[in-house]
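Please read the structure below before turning to the comments.
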Amino acid sequence: AAPALKPYSATLLKNYQPKQTDYLVTGIVPLYGFCITAGSPKIGKSWMELDKACAVARGKQFLGCETKQKDVLYLALEDDEQRLRNRLDKMQINPEELTRLQFAHFTPTLKQDLILDIDRWSLNVQDPGLVAIDTLAYIKGGSNKSGNAYEQDYQLLQPLHSFTREKKLLTNCVTHLKKHKEDDSLAQVTGSFGQTGIADVVYNLSRLKRNKSIATFLSSLLSGVRS
């Protein structure tokens with residue numbers, strides 16, 4: 001049954017004390033919610049998400065910030081075992097240290113049983129904290145070309161958003177930036193505003209020139225920029 005409407009007086013807010021944000025990665029990643037990391041192809045999105053997953057699973061720093069150690073599920077839907085092992089070797093991380101990190105390379109879409117599978121995983125680990133999904137396009141499945149794109153994206157992602165907040169999980173989906181430049185960083189994210197609208201935090205990974213080795217990490221959660 002749909003929840004009943006229960007209005008309350010605005011005057012009651014005088015007694016409400018806003019809660020401080022709890023972080024999975026101090027100052028950068030909230031403890032739970034639905035987030036999107038967007039960036040141009042080959043800029044390092046997957047590397048950054050893998051680095052974050054390893055940091056949380058080991059309780060190590062990420063981008064110089066402290067993390068809370070949690071169990072991590074990394075859906076590497078565009079990679080295989082060899083690529084992951086090669087990346088861990090380059091990151092100088094011993095897989096034996098990653099006892100709280102699990103990988104998967106195939107998964108149902110959101111229109112199928114993805115949320116149910118994530119729920120099953122969360123019930124079978126000690127302290128579930130982070131679900132990294134690389135990429136968002138994979139779990140969205142085929143798109144319906146008719147109808148309003150904003151409404152379709154919002155309705156598709158809303159159950160995942162509600163699930164992650166209910167379960168106190170942080171779900172982070174990787175996606176791309178549009179090829180053409182936009183003044184608004186959220187408008188640069190591929191897809192409709194339905195995706196960025198429902199996200200609790202949007203991370204934008206970009207650089208001004210492709211030949212630069214430093215990428216700028218911009219978060220809608222932050223007032224500043226980390227490089």
- Find the distance between CG (L84) and CZ (R87) and round it off to the nearest 0.5 Å. 7.0 Å
- Item | Check ion pair D80-R83 (N to O, under 4.0 angstrom) | no
- In Å and rounded to the nearest 0.5 Å, what is the OG to CG distance from S122 to D127? 11.0 Å
- Message: Can you confirm whether L31 sits close enough to K70 that some side-chain heavy atom of one is under 4.5 Å from a side-chain heavy atom of the other?
- Response: yes
- Query: Are Y74 and L24 joined in one hydrophobic group, where the rule is that I, L, V, M, F, W and Y side chains link up if heavy atoms are under 4.5 Å apart?
  - Reply: yes
- Message: So which atom in S162 and which in Q158 form the shortest heavy-atom distance, rounded to 0.1 Å?
- Response: OG-NE2, 2.6 Å
- Message: Test of understanding: clusters of I, L, V, M, F, W, Y form through side-chain heavy atoms closer than 4.5 Å, transitively. Do I118 and L157 belong to the same one?
- Response: yes
- Message: Restricting to non-hydrogen atoms, name the atom on L88 and the atom on C54 that form the minimum distance, rounded to 0.1 Å.
- Response: CD2-SG, 3.7 Å
- Is the closest side-chain heavy-atom distance between L170 and N172 below 4.5 Å? yes
- K60 atom NZ, neighbour heavy-atom count above 12 within 6.0 Å: no
- Item | Shortest non-hydrogen contact from T190 toward Q195 | O-NE2, 2.8 Å
- Message: For V25 versus C65, what's the shortest heavy-atom pair and its separation?
- Response: CG1-CB, 3.8 Å
- Message: Run the side chain to side chain contact (heavy atoms under 4.5 Å, CB included) test on I139 and L77 for me, step by step, so that the C-alpha distance in whole Å, both residues' side-chain angles and the decisive distance to 0.1 Å come before the verdict.
- Response: CA-CA 9 Å; I139 65 166; L77 305 176; 4.0 Å; yes
- Task: Take V125 and Q102 through the test side chain to side chain contact (heavy atoms under 4.5 Å, CB included) and record every step on the way to the result.
- Result: CA-CA 10 Å; V125 294; Q102 296 182 23; 3.7 Å; yes
- Item | Side chain to side chain, Y32 and D22, heavy atoms closer than 4.5 Å | no
- Message: How long is the straight-line distance from CZ of R85 back to CG of D79, given to the nearest 0.5 Å?
- Response: 15.0 Å
- Task: May I ask you to test the L169-F163 pair for a side-chain heavy-atom distance under 4.5 Å?
- Result: yes
- Note on the structure: When rounded to the nearest 0.5 Å, the distance separating CG of L101 from CG of L50 is 7.5 Å
- How far apart are the C-alpha atoms of E81 and F103, what are their side-chain angles, what is the distance that settles it, and do they pass the side chain to side chain contact (heavy atoms under 4.5 Å, CB included) test? CA-CA 9 Å; E81 292 90 338; F103 293 111; over 6 Å; no
- Task: Would you check if the side chain of T175 reaches a backbone N or O of L136 as a donor-acceptor pair within less than 3.5 Å?
- Result: no
- For the hydrophobic clusters of this structure (ILVMFWY residues joined by side-chain heavy atoms under 4.5 Å, transitively), does one cluster hold both L116 and W121? no
- Any side-chain heavy-atom pair from V201 and Y203 closer than 4.5 angstrom? yes
- Query: Between the main-chain N or O of F34 and the side-chain N or O of D200, is there a donor-acceptor pair closer than 3.5 Å?
  - Reply: yes
- Query: Atom CD1 of I198 and atom CD of Q155: how far apart are they, to the nearest 0.5 Å?
  - Reply: 9.5 Å
- Sidechain N-carboxylate O distance under 4.0 Å for D153, K140: yes
- Mind running side chain to side chain contact (heavy atoms under 4.5 Å, CB included) on C173 and Y138 for me, showing each step along the way? CA-CA 10 Å; C173 293; Y138 187 104; over 6 Å; no
- Short question: side chain of H161, backbone of A199 - any donor-acceptor pair under 3.5 Å? no
- Task: Mark yes or no for whether Q69, through its side chain, and A57, through its backbone, hold a donor-acceptor pair below 3.5 Å.
- Result: yes
- Roughly how far, to the nearest 0.5 Å, is CG of L205 from CD1 of I43? 4.5 Å
- Task: Could you tell me whether the side chain of M48 reaches within less than 4.5 Å of the side chain of F62, counting heavy atoms only?
- Result: yes
- Query: Same hydrophobic cluster for I36 and I133, using side-chain heavy-atom links shorter than 4.5 Å among ILVMFWY?
  - Reply: yes
- Message: Restricting to non-hydrogen atoms, name the atom on A149 and the atom on S192 that form the minimum distance, rounded to 0.1 Å.
- Response: O-OG, 3.3 Å
- Min side-chain heavy-atom separation L114-L75 under 4.5 Å: yes
- Query: So, do T164 and V131 sit near enough that their side-chain heavy atoms are less than 4.5 Å apart?
  - Reply: no
- Task: Say whether V189 and L156 are linked into one hydrophobic cluster, either directly or through other cluster members, by side-chain heavy-atom distances under 4.5 angstrom.
- Result: yes
- Message: With no hydrogens and no angle check, just 3.5 Å: does a side-chain donor-acceptor pair link T37 and E49?
- Response: yes
- Note on the structure: Residues H176 and S40: closest non-hydrogen pair is ND1-C, 4.4 Å
